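What's counted below: heavy atoms across the whole structure, side chains too, no hydrogens, waters or symmetry copies. Here the structure is a predicted model, which is why all the values come from computation and not from measurement.
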Amino acid sequence: MKPSSLLLTIVATLLYCSTYAQNMTFLPEKPAPGDKVKLTYNLADSPLKGQQELEIIAYLFEGDQPKGLDVMLLEQDGQLVGDVQTTSQTVAVAFSVKNKTNNKADDGGGKGFKVLCFDPATDQAVPGAYLAKARMYSNYYRELNIDRNHEKAFNLVNQEFKSHPSSKAIAKNYQFYCYLANKQMNHEAIAEVTAEMTRLAKVKKATEEQLQLAYDMALVLDDKETSGELKAKILEKFPKGKLAQKEMHEKFWAENELEQKVANLEAYRKKFGKQEGAQVDINFFAASIAALYAKDKNWEKFDYYLNLIADPVRKAGTLNNIAWELSGESLEA
């Protein structure tokens with residue numbers, strides 16, 4: 001009996017994925033946070049075989065956003081070899097492999113290239129590892145040259161919660177779960193997060209974080225009535241909280257009039273100037289205002305707002321932009 005065309009297709013697909021999944025190997029295979037990971041990329045079986053100017057970027061998942069690092073590569077016997085130093089905070093590392101000139105990438109058979117960090121004492125993935133892998137498929141697929149896959153991401157978040165139940169108690173993790181449940185139209189999970197949203201909204205002495213999580217969930221679920229009520233409640237109970245700070249941030253950028261921008265900046269400094277992260281906003285606000293005063297050639301005001309910029313890089317960038325505009329945007333000026 002001849003094998004069916006469907007069976008042949010399945011076998012061919014499995015062979016393809018297996019081949020490209022082996023294009024990159026890691027030592028150790030189960031690194032602990034803080035280990036140096038050696039990678040070996042097999043050029044012989046790569047879709048990028050024969051191409052020049054290949055680059056590999058490592059994305060270390062630790063904290064809210066992955067940190068990208070260029071991997072220094074050596075070619076040895078048809079293989080590219082390099083290493084990446086993880087930190088004590090690293091939970092996973094993902095890799096992008098592509099040609100720098102034409103951007104053609106190796107997608108690893110659609111799975112990309114990644115390694116999770118493990119606890120050597122338990123031989124289990126460390127807390128946050130499966131969540132990081134989920135974010136690779138949901139948030140960072142473009143950087144990793146793979147297809148977005150919310151279903152796989154949703155299953156990985158569930159795997160994280162099963163392996164590390166305490167991860168579910170972290171607000172940003174549960175918000176991510178809510179987002180994926182909604183994307184998947186998973187009615188059981190949506191019912192769960194809706195019940196949790198309702199519970200949090202009714203907590204008598206709720207913290208700002210609890211109400212913010214409920215508010216974020218209401219936004220994801222497109223529950224306009226609940227989100228409106230929660231927003232008003234948060235702003236009333238926590239007038240100097242993160243949501244109020246975000247509201248004033250957005251108010252500044254929505255304004256076009258210079259005088260009102262100045263008033264918004266001063267109000268922001270007075271209310272949130274000592275809050276964590278506020279100086280970053282102030283740097284951008286002041287740079288925006290300084291640029292407008294420079295356009296009006298009001299150099300006294302320009303100097304005042306330039307000096308509100310605490311970040312030397314941002315200050316230098318502001319000066320460069322203004323010098324460029326004053327030159328008439330001409331390289332010959």
Pairwise side-chain contact, Val157 with Leu131, heavy-atom cut-off 4.5 Å (strictly under):
yes
Under a 4.5 Å cut-off applied to non-hydrogen side-chain atoms, are Gln52 and Thr101 in contact?
no
Is it true that [Y] and [X] share a donor-acceptor pair across their side chains at a distance under 3.5 Å?
X      : Y      : result
Gln79  : Thr40  : no
Ser167 : Glu160 : yes
Ser163 : Gln124 : no
Asn264 : Glu255 : no
Ser46  : Tyr41  : yes
Gln279 : Asn283 : yes
Gln159 : Asn155 : no
Asn23  : Asp106 : yes
Asp147 : Tyr137 : no

May I ask you to check whether over 12 heavy atoms, not counting those of [X], lie within 6.0 Å of atom [atom1]?
X      : atom1 : value
Asn320 : CG    : yes
Glu236 : CD    : no
Asp64  : CG    : no
Lys233 : NZ    : yes

Partners of [X] by ring-ring contact (aromatic ring centres under 6.0 Å, His included), sequence neighbours excluded?
X      : answer
Tyr268 : Phe272, Phe285
Phe154 : Tyr177
Phe61  : Tyr140
Tyr179 : His150

Any ion pair linking [Y] and [X] (charged N to carboxylate O, less than 4.0 Å)?
X      : Y      : answer
Lys168 : Glu192 : yes
Glu247 : Lys231 : yes
Arg269 : Glu266 : yes
Asp123 : Lys30  : yes

Inter-residue atom distance [X].[atom1] - [Y].[atom2], 0.5 Å rounding:
X      : Y      : atom1 : atom2 : result
Lys36  : Thr86  : NZ    : OG1   : 10.5 Å
Gln76  : Leu43  : CD    : CG    : 11.5 Å
Phe113 : Leu144 : CZ    : CG    : 10.5 Å
Phe284 : Trp253 : CZ    : CH2   : 7.5 Å

Single-linkage hydrophobic cluster, 4.5 Å side-chain cutoff, Tyr141 and Met136 together:
yes
Kindly state each residue pair satisfying salt bridge (charged side-chain N to carboxylate O under 4.0 Å, His left out) with at least one member in residues 204-213, sequence neighbours excluded.
none
Residues 300-313, side-chain donor-acceptor partners within the protein, below 3.5 Å, at least two apart:
unit_1: Asn307; atom_1: ND2; unit_2: Asp303; atom_2: O; d: 3.0
unit_1: Asp311; atom_1: OD1; unit_2: Val313; atom_2: N; d: 3.1

